[in-house]
Each structure stands twice: as structure tokens, then as C-alpha cells.
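Quick notes on the structure that follows.
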Amino acid sequence: MTSKCQSADVLPQNLTAGTMMWEKNVSKSSQDSTGNNASCGSVSVFFPITMMITGMVGNSLAMLLVSSAYRKKENKRKKSFLLCIGSLALTDLFGQLLTSPIVISVYRADLKWKRVDPSGTLCAFFGVCMTTFGLCPLFLASVMAIERALAITAPHWYSHYMKTSVTKQVLVIIWCLVLIFALLPIAGVGKYTLQWPGTWCFISTGDKDVTGNTFFATTFAALGIFSLLVTLSCNVVTIRGLVTRCKTKSSSTQSSKQWERLTTETVIQLMGIMCVLLTCWSPLLVLMLKMISTHTSSHQCNSAAVSLSAQDLQMDCNFFLTAIRLASLNQILDPWVYLLLREILLRKFCQVASAVSRCSLDTQKETRCHLDVLNKKAAQNDNVHKKSVNVDNSNLNGGQVEQ
């Protein structure tokens with residue numbers, strides 16, 4: 001279905017002589033493809049609408065919970081973490097609100113971007129939004145991972161130096177730096193181009209003649225990979241610190257049992273965060289580096305570039321579209337893996353685990369009780385048998401004496 005959703009608006013203007021025959025074929029089939037685009041748009045528009053609605057619901061709910069908890073908490077450590085989660089939910093929410101309506105409008109225009117954006121200004125705005133709201137969640141995830149690692153490995157330093165004002169300053173710095181980086185193509189460094197199938201704009205990975213384009217695209221992918229590595233490393237350090245602490249507190253007291261439960265919940269949550277980040281972002285970042293090295297871009301899908309076969313290029317374009325959808329899916333999953341799942345599923349999981357544990361213990365107790373009863377009955381039967389034998393022996397001895 002996706003491979004049929006091709007738009008003539010995505011064709012690059014500087015076609016080489018070797019692709020003139022392809023250009024003629026595209027111009028001949030442009031009228032026939034209009035019907036396919038319309039039907040394809042009516043089906044595929046389900047994806048951006050669904051993602052926008054689910055993203056708005058999840059992030060709005062997370063922001064409400066964070067706002068309510070932030071006003072109640074008096075612990076500065078918890079306030080700093082709540083600020084990070086609230087900032088992440090707000091960033092993801094704005095990313096959904098600013099990009100999804102544009103994508104839906106293009107789908108409703110039969111995948112004709114020029115009908116929605118004749119001047120091309122909206123494409124640059126869309127690219128800035130994609131870059132800003134793509135890197136910001138990654139850096140915010142890294143900040144929260146560093147915050148957790150410091151809280152576990154260096155609690156005294158963390159309680160003394162980590163204040164709410166410092167957290168706010170770090171968040172503002174991240175937003176400002178990422179926005180400045182995203183505006184570089186507007187200043188002439190790099191380029192945002194319309195991507196296949198003509199419903200979204202993003203960093204161009206194939207225009208090596210554009211000033212600073214390779215640098216800009218490579219820097220984006222490198223920053224994303226670096227952020228993933230920082231997040232994964234800090235989460236591993238946190239998990240190791242939690243497990244070590246849990247072992248040192250091994251006892252049967254109520255506080256140690258509570259610490260063990262919290263450790264289990266946190267480890268499960270951190271594992272979920274790492275799985276979501278790797279699944280959502282690794283395909284896009286790795287594919288970007290591959291396309292940068294081969295000087296190909298998603299907007300070349302309808303031009304049948306001579307350097308690559310049309311089939312290989314189409315596979316890259318399909319995978320690139322899937323990768324960007326996975327990255328957008330991260331905006332939907334963030335509030336769940338960071339906040340909502342911890343409050344709902346993790347506690348249910350621990351309750352089920354404890355229930356299964358209690359059930360197995362009860363079964364063992366019942367088995368032991370049943371065995372004890374059987375042993376008692378067997379012992380009683382042995383005693384009765386011994387008594388009867390003793391009575392018979394005494395009777396026999398008495399008879400012999402009488403004789």
C-alpha cells in the first residue's frame with residue numbers, strides 16, 4: 001500500500017539526462033496515480049490521526065498527573081524528577097500538535113504538498129519541528145537517566161547540589177540549544193526537503209552540494225546516537241546500583257521488603273525505557289548514516305537515481321518512512337514508560353508476582369500439613385499396632401505361666 005503512495009510533487013528539479021525517460025513515464029502516469037493517491041490517502045491518513053489522538057491523550061494525562069504531584073511533593077529530589085517528566089510530556093505534546101495537522105492536511109489534499117504549501121515555507125517549519133521535537137525528547141531522556149544515576153550512586157552529592165532551580169536551567173538550555181541547531185538550515189547550513197511520499201519534510205541526506213548539508217545531517221544522527229548511549233549507560237549504572245543496594249539490605253524487615261519492591265519496579269521501568277528508545281530511534285539514526293554515506297535521500301524515490309537501482313532505493317524509502325513513524329511513536333510511548341505504566345502496570349505486575357509467590361507458599365504449606373497429618377496417622381497406627389502386639393505378648397506370657 002505504501003509503495004503506491006507516490007506524489008509527483010516530490011520529484012527533484014535537477015534531473016540528470018539519464019533519468020529523462022523516467023520523467024516522461026512519470027508525467028504519463030501522473031493522471032492515473034492521482035486516483036491511487038486519493039485512495040491511498042484515505043487509508044493511510046488513519047496513521048497520523050491515530051498517533052495524534054493517542055499522543056495528545058497520553059501526554060495530557062501525564063501532564064495532569066505531574067502537575068498534581070508537583071504541587072503536593074515537598075521533597076526537592078522528587079520535584080526535579082517531576083519537572084523532567086513534565087517537560088518531556090509537554091515537548092512531545094507540542095511535537096504532535098504542530099506536525100500532525102500538517103500531515104493530515106496533505107493526506108486530505110491527495111498527497112499534493114504544493115496545494116497546502118505553495119511557497120515552501122511550511123516545509124521549512126515542518127523540518128524545524130521534526131528536528132527540535134526529535135532531539136529534545138532524546139536529551140531529556142538522557143538528563144533523567146543522569147539524574148537517576150546520580151541519585152543512586154552519589155546520594156549525598158545529589159541532595160546537596162541538585163536543586164529545582166538547576167533542573168529548570170538545564171531544561172531551558174536544552175530547549176534553546178536544540179532550537180538553535182534546528183534553525184541552521186534556515187541560516188543556510190543544511191537543508192530541509194520534502195520526503196517520500198510527499199507528506200512530511202525532514203533533513204536532506206543526499207544533497208552533498210548544499211552548503212553544510214552533510215555536516216548538519218551527520219550531526220543530527222551523531223547527537224541522537226550519543227544521547228541513546230548516554231541514556232543506556234546511565235540506566236545500566238542505576239540498575240547495578242539498585243541491585244547492589246538491595247543485596248546489602250537483605251533482611252526480613254518491612255523496610256527491606258519495601259526497598260526490594262521499589263527496586264523491582266524501577267528495574268522493570270528502566271528496562272522498558274531502554275527497549276522503547278532503541279526500538280523507536282535506532283532504525284532512523286542508523287538509516288540516516290547509511291543514506292548520508294551513499295548520498296541518497298528519501299525525496300529521490302520518484303526520480304529513480306542512476307547510482308542505485310529503483311528497487312533498492314524504494315526499499316530504503318519504505319524503511320525510512322517506517323523509521324520516522326517509529327520515531328514519532330516514541331512521543332506517544334514516552335508518558336507511558338516514564339509515568340503511567342509505573343503507576344498502573346508495574347504495581348499490578350508486582351501484585352500478581354506476590355500473589356503467585358503466596359499461592360506457591362500456601363500450596364507448600366498445605367502439602368506439608370497434609371504430610372504431617374499422614375505422618376501422624378501413620379504414627380498413631382504404629383502405636384496402636386505396637387500396643388496390640390504388647391497385649392498379645394503379655395497374654396501369651398500369662399498363659400504360659402498358668403500352664
Side-chain angles (χ1 to χ4, degrees), residues 58-98 128-184 186-187 189 216 219-238 241 266 269-270 273-274 276-277 281 330-331 334-335 337-340 342:
N59 287 294
S60 299
L61 181 59
M63 289 180 62
L64 290 175
L65 293 176
V66 167
S67 177
S68 176
Y70 185 83
R71 289 194 296 266
K72 295 178 181 178
K73 295 294 181 182
E74 297 180 357
N75 193 336
K76 294 182 179 180
R77 295 174 59 180
K78 294 181 179 180
K79 280 193 172 183
S80 297
F81 189 71
L82 289 173
L83 272 176
C84 292
I85 295 181
S87 302
L88 179 63
L90 182 64
T91 303
D92 290 335
L93 180 62
F94 268 97
Q96 292 282 339
L97 292 176
L98 293 177
V128 171
C129 290
M130 291 288 290
T131 304
T132 303
F133 297 108
L135 284 180
C136 272
L138 287 175
F139 283 120
L140 291 176
S142 298
V143 168
M144 284 189 284
I146 295 172
E147 189 265 350
R148 281 190 300 264
L150 290 175
I152 296 299
T153 58
H156 298 291
W157 183 93
Y158 180 87
S159 60
H160 187 267
Y161 291 100
M162 196 65 183
K163 301 178 181 179
T164 307
S165 58
V166 176
T167 305
K168 293 179 180 178
Q169 293 175 3
V170 171
L171 295 176
V172 172
I173 290 173
I174 289 175
W175 282 328
C176 292
L177 290 180
V178 172
L179 181 59
I180 292 173
F181 175 78
L183 291 174
L184 287 180
I186 308 301
V189 181
F216 182 69
T219 304
F220 177 88
L223 288 175
I225 293 175
F226 173 76
S227 177
L228 284 179
L229 292 177
V230 170
T231 304
L232 296 178
S233 301
C234 291
N235 285 342
V236 170
V237 171
T238 304
T266 305
Q269 184 190 27
L270 294 179
I273 290 172
M274 291 189 289
V276 169
L277 285 175
W281 278 103
N330 182 244
Q331 296 178 334
D334 273 342
V337 296
Y338 279 100
L339 182 64
L340 302 178
R342 184 177 180 86

Original post:
When the ring planes of F181 and F220 are compared, do they come out parallel, tilted or perpendicular, using 30° and 60° as the limits?
Top reply: parallel
**OP:** Give a yes or no answer on whether the side chain of S227 reaches the backbone of L138 with a donor-acceptor pair at less than 3.5 Å.
**Re:** yes
Subject >> Point-to-point distance, once rounded to the nearest 0.5 Å, from OH of Y158 to CD of E147 >> reply: 3.0 Å
Original post:
If every non-hydrogen atom of Y70 is compared with every non-hydrogen atom of K79, which pair is closest and at what distance?
Top reply: O-CE, 3.5 Å
Subject >> Rounded distance (nearest 0.5 Å) linking atom CE of M274 with atom SG of C234 >> reply: 11.0 Å
Original post:
How far apart are the closest heavy atoms of T153 and A149, and which atoms are they?
Top reply: OG1-O, 2.6 Å
**OP:** Report the distance from atom CZ of F226 to atom CZ of F139, rounding to the nearest 0.5 Å.
**Re:** 7.5 Å
Subject >> Least distance between heavy atoms, K163 atom then H160 atom >> reply: CE-O, 3.9 Å
**OP:** Identify the heavy atoms of V276 and V337 that sit nearest to each other, and give their distance.
**Re:** CG2-CG1, 3.6 Å
**OP:** Could you walk me through whether Y161 and V166 pass the side chain to side chain contact (heavy atoms under 4.5 Å, CB included) test, one step at a time?
**Re:** CA-CA 9 Å; Y161 291 100; V166 176; over 6 Å; no
Subject >> From CA spacing to verdict: side chain to side chain contact (heavy atoms under 4.5 Å, CB included), L88, M144 >> reply: CA-CA 10 Å; L88 179 63; M144 284 189 284; 3.6 Å; yes
Subject >> From OG (S67) to CG (L90), nearest 0.5 Å >> reply: 11.5 Å
**OP:** For the residue pair F133 and Q96, establish whether any side-chain heavy-atom pair is separated by less than 4.5 Å.
**Re:** no
Original post:
With T91, which of V178, N59, L140, L171 fulfils side-chain contact (heavy atoms from CB on, under 4.5 Å)?
Top reply: L140
Subject >> Side-chain donor/acceptor of S68 to backbone N/O of L64, under 3.5 Å >> reply: no
Original post:
Looking only at heavy atoms, what is the nearest atom pair of L135 and G224, with distance?
Top reply: CD2-N, 4.2 Å
Original post:
If you measure from CG on L277 to CG on L228, what distance do you get to the nearest 0.5 Å?
Top reply: 6.0 Å
Original post:
What are the two closest non-hydrogen atoms of V128 and A182, and how far apart are they?
Top reply: CG2-O, 3.7 Å
Original post:
With a 4.5 Å limit on heavy-atom distance, are the side chains of D92 and P137 in contact?
Top reply: yes
Subject >> S142 OG to L232 CG distance, which is reported to the nearest 0.5 Å >> reply: 9.0 Å
